[in-house]
Amino acid sequence: MNPSFPSSSSLFFTLTIIFCSFHSLGFANRLIQQTCKNCSKTDPNISYKFCVASFESNHRSQHAKNLEELGLISIKITRHNVTDTNAHINDLLEKNKSLDPFIKECLDDCLEVYSDSISTFREAIRDYKAKRYSDCNVKLSSIIDASTTCEDGFKQKNNGAISPLTKRNKDTFQLSAIALSIINMLINSDV
C-alpha cells in the first residue's frame, strides 16, 4: 500500500463526514429560512432579513435540528443582545459625566429595565426547557416591554430628546418578537 494515499475505508469515512456536515448545514439553513418566513408572515414587527441574519450570526443555529432547538437559540441570542445593551448603557453613563439630566434619567431607567430583563432570562430559559411555553411567553413579553419602555422614555420630553439606544431597542424588540413567535408555533403544534 502506498503511504501517500489514504486507504479506501478512511477516504470513505472522510467523505461521509463531509457529506453529513453539508447535509446538516443545508437542513439548518432551510429550517432557519422557513422559521423566519413563518415569523415574518405572522408578525409585521419581524423582518425576514433581520431574522435570518440573526440566526446566521450565531454558530449554534447552523446545527439546529428542529424548531424547538431554534427557539432556545433565539432566546439565547436575545439574552446576549440584552446583556450587551445593558453593558452599553453602563458605559454611556460612566463615560459621559456631563450628560443632559433628562438623558441621564432616561438612561438610568433603561438600565433598570434591562437589568431586570437579564434575570428574567434565567426563568424564561428554565420554563422553555421544561416546555412550559406559556410561562416562557409571559417572561419574554416583559422583555419586549423593556425595550419599548426604554425607548418611550426619551420621547416624554417635548424638545425631542434623541435616544442613543434606538437601534438597540429595536433589535431587542425584534429578537424578542422572533422568540415569542417561535414559542407560539410550538404552543400551536403541541410539541
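Below, all heavy atoms of this structure are taken into account, side chains as well, without hydrogens, waters or symmetry copies. In this chain, numbering begins with 1 at the start of the sequence shown. Not measured: the values here are computed from a predicted model.
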Trainee: Can you name the side-chain hydrogen bond (donor to acceptor under 3.5 Å, both in side chains) partners of Glu151, sequence neighbours left out?
Mentor: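 Only Ser163, Thr166, Asn169 meet the side-chain hydrogen bond (donor to acceptor under 3.5 Å, both in side chains) criterion with Glu151.
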Trainee: Can you confirm whether Leu180 sits close enough to Ser141 that some side-chain heavy atom of one is under 4.5 Å from a side-chain heavy atom of the other?
Mentor: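 Counting from C-beta outward, Leu180 and Ser141 do come under 4.5 Å.
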Trainee: Do the cysteine sulfurs of Cys51 and Cys39 sit under 2.5 angstrom from one another?
Mentor: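 No; the two sulfurs sit 2.5 Å or more apart.
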Trainee: Would you say Cys106 and Cys150 have SG atoms less than 2.5 angstrom apart?
Mentor: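 No, Cys106 does not link to Cys150 through a disulfide.
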Trainee: For Ser57 and Ser54, which heavy atoms make the closest approach, and how far apart are they?
Mentor: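 Minimum heavy-atom contact is OG-O, 2.7 Å.
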Trainee: Does the side-chain contact (heavy atoms from CB on, under 4.5 Å) test come out yes or no for Asn45 and Gln174, once each step is laid out?
Mentor: CA-CA 7 Å; Asn45 295 307; Gln174 203 166 171; 5.9 Å; no
Trainee: Any donor-acceptor pair under 3.5 Å linking the side chain of Thr172 with the backbone of Val82?
Mentor: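 Not confirmed, Thr172 side chain does not pair with Val82 backbone.
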Trainee: CG/Leu92 to CG/Asp108 distance, rounded to the nearest 0.5 angstrom?
Mentor: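 One finds 11.0 Å between CG of Leu92 and CG of Asp108.
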Trainee: Please check: side-chain N/O of Ser74 versus main-chain N/O of Gly71, any donor-acceptor pairing under 3.5 Å?
Mentor: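 Pair found, side chain donor or acceptor close to backbone of Gly71.
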Trainee: Using the ring-ring contact (aromatic ring centres under 6.0 Å, His included) criterion, which residues pair with Tyr114? Sequence neighbours excluded.
Mentor: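 Applying ring-ring contact (aromatic ring centres under 6.0 Å, His included) to Tyr114 gives none.
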Trainee: Is there a side-chain contact between Ile89 and Arg168 (heavy atoms, below 4.5 Å)?
Mentor: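 Result no, sub-4.5 Å side-chain heavy-atom pair not found.
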Trainee: Run the salt bridge (charged side-chain N to carboxylate O under 4.0 Å, His left out) test against Asp171 and tell me which residues pass, sequence neighbours left out.
Mentor: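 With sequence neighbours excluded, Asp171 shows a salt bridge (charged side-chain N to carboxylate O under 4.0 Å, His left out) to Lys167, given in chain and number order.
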Trainee: Return the minimal non-hydrogen interatomic distance between Lys65 and Glu69, and the atom names on each side.
Mentor: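 Minimum heavy-atom contact is N-OE1, 3.0 Å.
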Trainee: Check the hydrophobic clustering (I, L, V, M, F, W, Y; side-chain heavy atoms under 4.5 Å; chains of links allowed) and say if Leu72 and Ile187 are grouped together.
Mentor: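 As far as the 4.5 Å side-chain criterion goes, Ile187 and Leu72 are connected within one cluster.
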Trainee: I need the minimum non-hydrogen distance between Leu165 and His88, along with the two atoms involved.
Mentor: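 Between these two residues, the closest heavy atoms are CD2-CD2, 3.6 Å.
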Trainee: Which heavy atom of Leu99 sits nearest a heavy atom of Asn96, and at what distance?
Mentor: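 What the structure gives for the nearest pair is CG-O, 3.2 Å.
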Trainee: Under the side-chain hydrogen bond (donor to acceptor under 3.5 Å, both in side chains) rule, collect the residues that match up with Arg132, sequence neighbours excluded.
Mentor: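 Scan of Arg132 (side-chain hydrogen bond (donor to acceptor under 3.5 Å, both in side chains), adjacent residues dropped) gives Asp127.
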Trainee: Verify, without hydrogens or angle tests, whether Thr120 (side chain) and Asp116 (backbone) share a donor-acceptor contact under 3.5 angstrom.
Mentor: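 Looks like yes, one N/O pair under 3.5 Å.
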Trainee: Under 3.5 Å, is there a donor-acceptor pair between the side chain of Ser181 and the main chain of Ala177?
Mentor: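 Judged by distance alone, no pair lies under 3.5 Å.
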Trainee: In the structure I gave you, are the side-chain heavy atoms of Cys136 and Ile75 within less than 4.5 Å of one another anywhere?
Mentor: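 Yes. Closest side-chain heavy atoms under 4.5 Å.
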Trainee: Taking C-beta and beyond as the side chain, do Lys139 and Phe121 meet within less than 4.5 Å on heavy atoms?
Mentor: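 No, every pair of side-chain atoms sits at 4.5 Å or beyond.
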Trainee: Excluding sequence neighbours, so at least two apart, what forms salt bridge (charged side-chain N to carboxylate O under 4.0 Å, His left out) with Lys170?
Mentor: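 Partners of Lys170 under the salt bridge (charged side-chain N to carboxylate O under 4.0 Å, His left out) test: none.
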Trainee: Write down the atom of Ala179, the atom of Thr78, and the distance for their closest heavy-atom approach.
Mentor: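 Nearest pair, atom of Ala179 first, then Thr78: CB-OG1, 4.5 Å.
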Trainee: Verify the distance criterion only: is there a donor paired with an acceptor across the side chains of Gln156 and Asp152 at less than 3.5 Å?
Mentor: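 There is no such pair (donor and acceptor under 3.5 Å, judged by atom type) between the side chains of Gln156 and Asp152.
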Trainee: For Asp135, check side-chain hydrogen bond (donor to acceptor under 3.5 Å, both in side chains) against everything at least two apart and list the hits.
Mentor: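 In terms of side-chain hydrogen bond (donor to acceptor under 3.5 Å, both in side chains), with neighbours along the sequence ignored, Asp135 is linked to no residue.
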Trainee: Looking at Ile103, is its backbone amide N or carbonyl O close enough to the side chain of Asp100 to form a donor-acceptor pair, meaning the two atoms are under 3.5 Å apart?
Mentor: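 Yes, the answer is positive, given that a donor and an acceptor are paired below the 3.5 Å cut-off.
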Trainee: Supply the atom-to-atom distance Thr85 OG1 to Asn90 CG, rounded to the nearest 0.5 angstrom.
Mentor: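 Atom-to-atom, Thr85:OG1 and Asn90:CG are 11.5 Å apart.
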Trainee: Given side chains that start at C-beta, do those of Val113 and Asp145 come closer than 4.5 Å, heavy atoms only?
Mentor: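 The answer is no, as the side chains (C-beta and beyond) never meet within the 4.5 Å cut-off.
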Trainee: Does a side-chain heavy-atom distance below 4.5 Å link Glu68 with Tyr133?
Mentor: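 When only atoms from C-beta onward are counted, Tyr133 and Glu68 do touch, with a gap below 4.5 Å.
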Trainee: With heavy-atom distances below 4.5 Å as the criterion, would you say the side chains of Leu140 and Ser176 are in contact?
Mentor: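 Answer no - side chains too far apart.
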Trainee: Test side-chain contact (heavy atoms from CB on, under 4.5 Å) on Gln62 and Asn29 and set out the steps.
Mentor: CA-CA 7 Å; Gln62 298 303 316; Asn29 284 334; 2.9 Å; yes
Trainee: Please assess Lys76 against Asn58 for the test side-chain contact (heavy atoms from CB on, under 4.5 Å), listing each intermediate value before the final yes or no.
Mentor: CA-CA 10 Å; Lys76 290 181 177 183; Asn58 183 288; 5.9 Å; no
Trainee: Is there a side-chain contact between Phe154 and Leu107 (heavy atoms, below 4.5 Å)?
Mentor: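 Yes. Closest side-chain heavy atoms under 4.5 Å.
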